[in-house]
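Data block below; observations after.
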Amino acid sequence: MSLADVFAGTRAAGELAFVPYQTAGFPTLRQSLANVHALTRLGADLVEIGLPFSDPIADGPTIQHASNVALENGITPQAALDALVARPPEVPGVVMSYLNPLLAMPRDRMFGQLRDANVRGLIVPDLPPELGEEWERAGERCGVDLVYLLAPNSSPERVRLVAARSRGFIYAVAVVGTTGARAELYEGLPPLLEQIRGVTDVPVVVGFGISHPDHVRALHGLADGVVVASRLIEAMRRGEDWQQLARDLKAATRRERCS
Amino acid sequence: MQTQTDTDAGFFGAFGGRYVPETLVPALDQLEQSYRRIVPEPAFQQELADLLRDFVGRSTPLFFARRLSEQLGGARIYLKREDLAHTGAHKINNAVGQALLAERMGKRRIIAETGAGQHGVATAAACALRGLECHVYMGAEDIRRQRANALRMRLLGAELISVDSGTRTLKDAINEAIRDWVTNVETTHYVIGSVVGPAPYPEMVRDFQAVIGREAREQIRAATGRLPDEVHACVGGGSNAIGIFHAFVPDSGVRLVGIEGGGYGPDSRRHAATLSAGSIGVLHGARSYLLQDKDGQVSGTHSVSAGLDYPGVGPEHAYLRDSGRVEYSWAGDEQALEALKLLSRTEGILPALETAHALAYSIERARELPSDQTILVSLSGRGDKDLEIVEGLV
């Protein structure tokens, strides 16, 4: 299933795609893979998997911590990828990492492994579209879309550039800031989503700070999907009932209808 | 201020660029436009020149190290005395320039990272001078070993933020400063202290530091009637080195050498000799050489000098190395400490531990060269901040 198929399905059903996140190797590699499969059973339409990096500049404390734990466990991006190939998620995956650890793997082989792991998208927050063309082409050969980000302070020119270059989906950053759970949805987000919608039909997924089912409900009609990352990792770390949280988030991706 | 190494995409050959989260793109666009438009204006240049003279104390002297040279019995060593600049190091040249630019961009909240604390102190001083709000990120380990500078920053009115993540040194202070900037980008200017980071920082910081080499080139010609045979400078991120090299890059007869922090030696895995032992990667927004493992994870580094204790290096240095124009070497902790002692005793000048790495190389090199040759050394900072570290060694 391609990313386009996933969003065609959720759009037809009038739902937001639910995209939970899991750092590979946190708290252990085995547990993180089990969580990926559990999240799929709990209704993930796509699952985002983070490959750890020593210097994650776009991430707040929660995902920094998860990334550090994974590295302290000796989990390299290559080891995580090998484990995903051995046991791919049942729904398409999207991998998130930073440019430097990705550069350390032979590129064509890496994209081949992503394909074999049922990964259909690659998010690299420090790879802007101006510098991403080779990566797009290499990914395309393996059916892996490079996913670019837009932020509430992106200029109209940037919105058009990213829209023109995006295939699978556009990642709309919900805040001016790093990843991390937040109490409120940022007021600058809806104008960004309207701006993107004005120039392209490519699906838009919102992430960074999405923490509560109310945040998800507020995005109906504005976006095609939601990533929930730090809030889930935080719940796992604190021993909260993260599976129930995932169920509640999933429920919020469906519009409440008159029965 | 274009040179043969600039391109419009912010690259020096294959190095540099702008590998940053999308949120920073508008700020870097604004910075680049402001830098190209405002800095060349006569009013800006006049104000900067006045401050460099009256606040920083420029021009800094060129000093012939007569007793040191005689003792070594070889080449004549000249010192460019950036240690005599206000706040005790070359860092103030860039801090004043960027503070003026931030003011004109309407950004009154300033953030900075610092390793040894010299850039933090310089930025805190420049912010106090201009009435700007100042927040400095510094690794907890560096605060511990550079307590005097931590106190100076606070006295100058800066908020000092201790960074406990990762290596608790300069690398992670930069990570935290970037995260702050991503979050407060609309009100905040990030004063990067070295020729690192995304474009336009490496070029802009170089241009604010190039005053070192412009002055030194004139001074040494006046003193000796010709250009030096060699120019030496220490390299962490590489701002004092680029600052003194830049004016000499077109002078192909002048040998330029950058000296990195060798720690316990490049084979020990406890060093910061990025250009001697690193490989190409992307860190802090730029493509350059890095110390990293085979999986692309950035390595912890070690140098007795906090200012050199950094796993990356400015992209222009990577370019100058690969093009062959500049050579890079290293000096270890022990050699640096010996050089610090020797300069102190022969010339009455206590250099910073960073600077002592360059001197360690110069001392060795001077012995090999005949006495009609001259070596120019960037004496990038004073050593008072390092007293606690060297205390047990005398």
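Below, read A as the first sequence line, B as the second, and so on, with proteins coming before strands; counting in each chain starts at 1. Hydrogens, waters and symmetry mates are skipped; everything else that's a heavy atom, side chains included, is used.
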CA sep, side-chain torsions, deciding dist, call: F208(A), Y186(A), ring-ring contact (aromatic ring centres under 6.0 Å, His included): CA-CA 10 Å; F208(A) 284 38; Y186(A) 177 61; over 10 Å; no
So which residue, G166(B), P26(B), G281(B), ends up with the most heavy-atom pairs under 4.5 Å with chain A? P26(B)
Please classify the contact of I57(A) with chain B as side chain, backbone, both or neither, using a heavy-atom distance under 4.5 Å. both
Donor + acceptor pair across side chains of H284(B), N175(B) (<3.5 Å): yes
Could you tell me which of I280(B), V20(B), I178(B) has the largest number of non-hydrogen atom pairs under 4.5 Å with chain A? V20(B)
Between the side chains of D59(A) and T178(A), does any donor sit under 3.5 Å from an acceptor? no
Measure the shortest side-chain to side-chain distance between E22(B) and Y148(A) over non-hydrogen atoms and say whether it is less than 4.5 angstrom. no
Cut-off 3.5 Å, side chains only: do Q78(A) and K294(B) have a donor facing an acceptor? no
Does any heavy atom of chain A fall under 4.5 Å from the side chain of S165(B), the backbone, both, or neither of them? side chain
Residue among T76(A), V124(A), L131(A), L127(A) with most heavy-atom pairs under 4.5 Å to chain B: L131(A)
Just by distance, no angles: are the side chains of S211(A) and R231(A) close enough, under 3.5 Å, to form a donor-acceptor pair? no
Which residue out of V162(A), L99(A), V173(A), N68(A) racks up the most heavy-atom pairs below 4.5 Å with chain B? L99(A)
If one checks every heavy atom of E130(A) against chain B at 4.5 Å, the contacting part turns out to be neither
Choice from E186(B), E176(B), K171(B), R287(B) maximising heavy atom contacts with chain A below 4.5 Å: K171(B)
Under a plain distance cut-off of 3.5 Å, with no hydrogens placed, do D29(B) and Q33(B) share a side-chain donor-acceptor pair? no
For the interface with chain B, which of L103(A), L149(A), N153(A), V175(A) has the highest count of heavy-atom pairs at distances below 4.5 Å? N153(A)
Please classify the contact of P56(A) with chain B as side chain, backbone, both or neither, using a heavy-atom distance under 4.5 Å. both
Residue L102(A) versus chain B: region with a heavy atom under 4.5 Å: neither
Contacting region of L290(B) [heavy-atom separation from chain A under 4.5 Å]: side chain
Most contact-rich option vs chain B, by heavy-atom pairs under 4.5 angstrom, among A151(A), S54(A), A104(A), is S54(A)
Taking the six-membered ring for Trp, are Y264(B) and H302(B) parallel (under 30°), tilted (30 to 60°) or perpendicular (over 60°)? parallel
Answer with yes or no whether the side chains of Y98(A) and D55(A) bring together a donor and an acceptor at under 3.5 Å. no
With only heavy atoms counted, which part of I174(B) is less than 4.5 Å from chain A, the side chain, the backbone, both or neither? neither
